[in-house]
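Numbering of ligands and ligand atoms starts at 1, following listing order.
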Amino acid sequence: MKILFLGDIVGPPGVTFVKRALPALVAHEIIDLVIANAENASNGAGMTPGVYRQLRQAGIDLVTMGDHIYKRQEIVALLEKDERICKPANFPEDAPGHVFALAPARDGTSVAVLSLLGRTFMRPVDCPFRAADRVLKTLEGQARCIIVDMHAEATADKYLMAHHLKGRVSAVLGTHTHVQTADEQILSPGTAFISDVGMTGPYDSILGRRIDRVLSTAVTFVPSAFDVASGDPRLAGAIVEVESATGKALSIRRLMVDEAGLAVLPPVAPAHFPEGG
Ligand SMILES: [Fe+2]
Ligand SMILES: [Fe+2]
């Protein structure tokens with residue numbers, strides 16, 4: 001089974017590029033399930049129910065968030081009732097949302113995803129290690145294929161989680177820094193890992209935001225609106241091949257698709273509807 005995991009989708013450029021690229025990519029790579037981190041999907045911070053629906057229609061099966069989860073409050077009701085999206089599992093118990101999300105892959109295998117926030121240079125949260133242990137206990141008997149979105153600033157936080165969970169989950173995949181790393185690997189006995197899968201959004205930017213605005217604020221200390229940039233949209237993520245019966249990861253491959261890469265993807269054949277049907 002092949003699982004595609006997309007890193008932080010940023011603003012309309014990210015959402016639009018997902019809509020354009022995902023169907024062709026899923027068909028070309030023969031993907032069985034798609035997971036995406038969408039904490040920046042609505043104008044760079046948070047996600048509205050409308051954008052969530054667009055992402056689901058584009059082919060994303062499961063959605064994770066991060067530190068920006070509640071920036072758009074309209075999402076709270078959806079987080080409480082929808083089984084396909086989860087909050088960081090080490091958030092307070094009273095924070096709205098489920099601690100994992102679950103969906104069947106194309107071959108019927110149940111796949112679960114959970115998200116954890118790191119504790120270095122981030123808002124204080126509960127222990128991510130113990131939170132992961134608790135969720136894995138709940139998932140016993142429900143899913144063997146488990147993907148962990150490790151949403152953290154520090155690479156060490158991500159490595160520590162990968163080693164804490166190796167052999168117990170299919171993959172620990174990093175998000176939040178918006179920069180793809182080149183350290184993808186399989187930790188014995190079968191957990192895929194990468195420090196960060198990268199950003200799905202505009203790359204002519206500072207991590208998705210307009211260069212002029214972020215730079216002028218950095219230089220002058222005068223605040224400005226960090227609007228989402230628009231140039232050079234790309235889709236970034238990783239494809240993890242998992243043994244359905246055991247949940248063991250067999251391989252991990254980094255992925256970065258830009259406009260040129262999208263242009264050479266074989267187009268998806270339009271659905272055929274018999275005349276009069
Ligand atoms: Fe992000
Ligand atoms: Fe984040």
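Among heteroatoms of the N, O or S kind in E39, OE2 lies nearest the Fe ion (ligand 2). Taking the Fe ion (ligand 2) as reference, D67 places its N/O/S atom OD1 nearest. Looking at H176 and the Fe ion (ligand 2) together, the shortest N, O or S contact belongs to ND1.
Salt bridge R84/D82: absent, no basic N to carboxylate O contact under 4.0 Å.
Heavy-atom minimum distance, L173 versus I252: CD2-CD1, 3.7 Å.
Side chains of D107 and S244: a donor on one and an acceptor on the other come within 3.5 Å.
Note on H178: counted as a metal contact of the Fe ion (ligand 1), an N/O/S atom lying under 2.8 Å. Residue M199: no N/O/S atom is found under 2.8 Å from the Fe ion (ligand 1).
Using a 30° and 60° split on the angle between ring planes, H178 and H176 fall in the perpendicular class, above 60°. Taking the six-membered ring where the residue is Trp, Y70 and F91 present tilted rings, their angle falling between 30° and 60°.
With the Fe ion (ligand 1) as the vertex, OD2 of D8 and OD1 of N40 span 100° to the nearest 10°.
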